[in-house]
Structure formats: C-alpha cells, structure tokens
Amino acid sequence: MMIDDAQTKLLLDVQNLTVRFAIKRGGLFGKAKHLYAVDDISFQIKRGETLAIVGESGSGKTTAALAVARLVSAYKGRVNLNGTDFLSLQDEDLRQARSKMQFIFQDPYSSLNPRIRAEKIVCEPLDNLDTIPKEERQNIVDKLFEAVGLHHEQQRLFPHQFSGGQRQRIGIARALATQPDLIICDEPVSALDVAVQAQILNLLRKLQADFGLTFLFISHDLGVVQHMCDSIAVMYMGKIVEYGDRKSLFNNPLHPYTKALLSAVPSVDKKRRAESKRILIPGDPPDPLDLPKGCRFANRCPVAQGRCQSEKPRLNEVTQAHSVACHLVNETGIAPIHE
Amino acid sequence: MSEPLLKVQNLRIELSLRDGIAPVIDDLSFELGAGESISFVGESGCGKSMTALGIMGLLPEKVGRIASGTITFDGEELTTVTQKRLRAIRGNEISMIFQEPMTSLNPVYTVGEQIAEVLRAHQGLSKSAAWNCAIELLDAVRIPNARRRVSDYPFQMSGGQRQRVMIAIALACEPKILIADEPTTALDVTVQAEIFDLLNELKRQTGTAIIMITHDMGAVAEMAERMIVMYAGRNAEQGPVEQIIDHPRHPYTKGLISCVPHIMATLNDERYELTEIAGIVPPLREFGQDRCLFASRCNMVSQKCLDKRPPEAIFGDGQRAACWHAGAI
C-alpha cells in the first residue's frame, strides 16, 4: 500500500477552527451576542517541526491554542492529531489522547502549584494517567530533571525556591512527562528576563532535536519566532492573514500587517534600521463584536482601497508554501508595500 | 564645558533587609546633558529602577536610603533638599512614567481630571484653564478626538492610549527630565513603535532629556544616545550606544546583545545557537562584595575577578567598562 509521504509526516491538522464566546450587552434583557475570537482558521504541523502563531494581544492566538488542546471548546472545526479526531473524543479516550498533547504555560509563577514539591509536579501527569507502574515513575522523573537541566537534589524543593527560568524548566519537564507528540508552548519565555529567555529557547530546541518533538508555538515576539520556527501563521482579529514557511514569510512578507509588525520591532542592527522604514498603522483594531464588512485590517491599512472595505479577502496561495489574505496581493502576487 | 543638567556621583543606595544592609546601587556615576537621552539596561534586580527612584526621592521609606554620593540637578543638590522642595521638583521639573499604564492611573477619575490635577498642583492653574490645557496635552500625545476623550475613564482606553495619557501627565509641566521606566513592556510591538516615535518627537519639540529604563537592546538602539549597563547594582559599562553595540567591552553587555534573537534582514536556512548567559543575577545579600559580581556567570573569569572588584577601564568617547578583561574583549 502506498501512503503519501506528506500524509505520514503530518501530525496536527486543524481545519476551519472557530471559537466564539457569548457576550451579553445592554443590561438584563440585552440580546446575547457572539464574539468570534478565532474565526475559521486552518493550519497543519508536520512531525518534528514548529509552527508559530504570531499576533498582537487580542488577535486570538492563545484562544486558538487553547481550543486545539480542548481547554476551551471549539464552536466549529476539526482538530486531527496523528489521525484521530481530537475534538470528538470522550471520557477515557480523551484522557489518553490528552497525554499526546501537552501545554507549556506563559507564567511560570502561576502555573505551578505552590504547595507541591517539584518532583510531584513533574510526576503528576503520570499519576493521573496511571498507565506506567509506580516504581518506574521515579526513574522517569529523574531522567526528565536531567533533560531540562535541573539537579537531582532540587526534586524535593517547592516552586518558590526556584527562579523564574528554573520554574519554566519544571513546566517543560511536566509537559514532557507523558511523552507527548505535540507540545503547545504559549508564550513560554515572555515572562522571563532576556538572559534567561535564551537559556529556555536553547533548551526547547535541544529537546526538540533529542525527542523529535513537535511544537505549536504561540508568541508575540517576532525575533523569537524567527529563531524557533519552521512555519508561521500571522493572526489579526481572529483570522490568519498570512501563513507561510519561515524563509518566504520573513524574506518576503506580503500582507501589510505582517510588514508593519516586522517594521515595528526595534533592532540593534544599524543596517536594518537604516534600510527598513517604519510602517505606521495608526488607530485601534475594530470592535470584535461589530466587525467591518470587508477586510478586518482595512481601517488601519496604509494601502487600503475601496474593495477592501466591502469585500472579505480569502486566504489564497501565492506559492505552495505561502498564503496571504489580501485583495491587493491576490491581484498582483506582490506585496502592496515596498520599502 | 558647561555643567550637565543632572550629575550623579558615586551614588550608593542601601536597602535594609532582614539579613543586613544591601547596596542596591553601588558607586554609580553618570551625567545627563539637557535634551540628551540615555538608557539604563540590565536584567530585573540590577538596580535600574532603584536609580530612577533615588533621583526622584521616592525610595521606599525606612527601608531604602541614599548612603553616600551626590545627585546634582541643575546646580541643586537633591540628596539634601527638603521634602517640600523635592515635591516641587517632582512632576514639575523631573517626572516619570511607569511600566504599567493599567495600574498607574486612578480608575475612578477621568483622564482629564488626572492631567489637570498636575497642572493645578504645580502650576497653580485655575480649574478651567487646567482642563483646557489637558485637552491640548491629549491632542499633543495624539489621542484622536481629544475634546471628547478627555472625560473618559482609564478603563475606556486601550493600553497604548493609557500610556499616552501617562506621557501627557508626565509632560504637563514641561519637565527638564523625563524618566521612563520600561514604558512599553506591557504593550504590543506596533504600539511600542508609536510610543517611541511620540517620545522622540516630544523630545525634539520640548528639549526634554529622557532617561529610559529597559531590558531591550533594540529599544536602546532606537531611543538613546548613550547607555548605561547595570549589573547587580553596579555600572558594568557606559558609553555611546552605537559604539557599545559595535564593540561591547564588558562580557555582560556582550551577552545581553547576543542572547536575544534579533530579526535579520535576510534569512537563510542557517540557524545559530543563542548565546546564553548562564545562571541568574546574584541575590541581594551578595551585592557589595569586593569582587566582580558577574564572575559566576562569565566565561572569561579568572582568579583576579574573584579577588577584587574590577576598576573601570576607559576607552574612547566616554566608553567605560568595569571588567578586568575589558581590553581583551
């Protein structure tokens, strides 16, 4: 039997994922409205690779990640993890499937239980699953502590006795405990000091190489994303506006929003600062309960035209590895903003 | 050369802790000229914010004090002036914007009232004059439709707008020095870029000197002319921004620049390992010891570093680095 190579390599396949929240406006008898935090997004991750979702606060990147892990419920869409439909699983099947998808949280201070010792925190996923004999668990914990660069003696300590970077290491060890296929990293370094960030990023990359991990990486820091990822999805107001592999997206950003994001990152490189002109996107994003008819970025876009106000752009392929949702790119295939 | 606007000499700030006294600022000297902008860089716990609080006379009462050294502002010695005089200077001639625009505004007053309060207290303006001035200031920090937004409460504004209001409050009395303590860390990159542009433009218009505290080398490169790298309460390196970025003379500065993944102009398949600065900032009780406090994290460490605090090595254009091996880097 022939199996398509690309198919076997595909680990996570998310199709038309939509998450909405009910919002009540206008007092007691106000009509319930729905806020679409994630609106019909699709992406794929190949085994052993990293996909980053970038966007500013409120773009829906974290909600998308939570929905993939079923930590918020999706309103529509499919999440296919390694061939199983993750969103339809129930009870015991779900519990077992969850061991294949683990989460590293943003804040290492609030994501560890302050009253539990580090070894117990790391062991807890194994205790909950109860598939591995008790005697072997300690052995696994030892190995995990070593893998994330913590000392054996530190197993008996409580979270407050660790620094921020060390706590994040505990969080990483906990995520690795069940030998997951996919790890969702939700801003894993944004709460850490710059010098410690490098330690954690290097650790994540090393673990990825050693254990063949697949990451879904949520971040707002484009420098970190460029360093960590194989492909990138840029989100704005719940939509993916640009999606592509690392090289084509960073070397040839097409969507005006991606361009603006990239140009806003302060740089130590004198040459880059001189070359790139900052693209300003004044104003605020539209009210998510009252979205515009056309492109959601149109009111801030420096090159918007009449069509952008009235018609929604679709995410279209420009090349095989690069899609963008912009009318102006779709017509010409080139970026509407040049430097 | 004329006297600089602000001159800090051999400043030492001590905090009394349960296990003794820790010098959170240890022998810091720097100068700030009128209309100049400098940046303090370093990790958290290195004394960046303490320096700012020391200049403002806002050290935590009974815990922190200026043990020795001088802070001379416009010919006036700030370490010895009365509280009353200090209150007149604060907000009027030296003002500060804080990191969290969410928490540093009062949620039960409109932004207009909060801006007008400063003008009434410091400039003695009448209520209506202060209110009109508040509208002008909101317009100056480019909040659209200022006349209407002036009666908004902080919760009705976005993070970036709140930070603009903070800037309006800080600039209300046209201070000679504006201290910005991590003004953009809570904000998105595009908003950060707008705030930087705004600060730079206001600086050009009003001639205010800016002291910016940050941990982001990129922000320093965009905003400042000179930088002061702080480590464990001490000045690790100091000098012109471009020169230090091109050729840092302290291993800590070098680490800070190369530990962050910077966006590259053109990207290829190659991926470099990030340079790590192993370990973390030493605990407060180790501050003030007569050795190089960075030694435990440094890859160039030698016996000398552990025995004695390094003196400042002086290079061209005012670049100074407190490292025994500064010449070799």
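In what follows, chains are A, B, ... by sequence order, proteins preceding strands, each numbered from 1.
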Closest approach of Val268(A) to Ala221(B) (non-hydrogen atoms, all atoms of both residues): CA-CB, 4.0 Å

Minimum heavy-atom distance Cys259(B)-Ala195(A), with the two atoms named: SG-CA, 3.9 Å

Over 12 non-hydrogen atoms of neighbours within 6.0 angstrom of CD in Gln156(B): yes

Residue part contacting chain A, namely of Val189(B), when any heavy atom lies under 4.5 Å: both

Glu194(B) side chain to Leu280(A) backbone, donor-acceptor under 3.5 Å: no

Heavy-atom pair count under 4.5 Å with chain B, highest-scoring of Ser263(A), Ala260(A), Ser190(A), Ala198(A): Ala198(A)

Under 4.5 Å from a heavy atom of chain A, the part of Ser258(B) involved: neither

Thr190(B) side chain reached by Glu56(A) side chain, heavy atoms, under 4.5 Å: yes

Distance (rounded to the nearest 0.5 Å) between Ile277(B) CD1 and Gln197(A) CD: 11.5 Å

Arg205(A) versus chain B, the contacting section by heavy-atom distance below 4.5 Å: side chain

Gln205(B), CD atom: more than 12 neighbouring heavy atoms under 6.0 Å: yes

Salt-bridge criterion met for Glu222(B) and Arg278(A) (N-O under 4.0 Å): yes

4.5 Å side-chain heavy-atom contact, Arg142(B) and Pro282(A): no

Greatest number of heavy atom pairs closer than 4.5 Å to chain B - which of Pro266(A), Gly164(A), Ser163(A): Pro266(A)

Interatomic distance, Leu201(A) atom CG to Leu274(B) atom CG [nearest 0.5 angstrom]: 6.0 Å

Side chain, backbone, both or neither of Ile281(A) within contact of chain B (heavy atoms, under 4.5 Å): both

Interchain contact, Leu256(B) with chain A, by part (heavy-atom threshold 4.5 Å): side chain

Side chain proximity check, Val194(A) to Asp216(B), heavy atoms < 4.5 angstrom: no

Distance in Å, Cys46(B) SG paired with Asp193(A) CG, rounded so as to fall on 0.5 Å steps: 7.5 Å

Exam field: side chain Gln192(B) to backbone Val265(A), donor-acceptor pair closer than 3.5 Å: no

Nearest heavy atoms of Asn202(A) and Glu276(B), plus distance in Å: ND2-OE2, 3.1 Å

Non-hydrogen atoms of Asp188(B) and Ser57(A) that approach each other most closely: OD2-OG, 2.8 Å

Side chain / backbone / both / neither for Asp245(A) at chain B, heavy atoms under 4.5 Å: neither

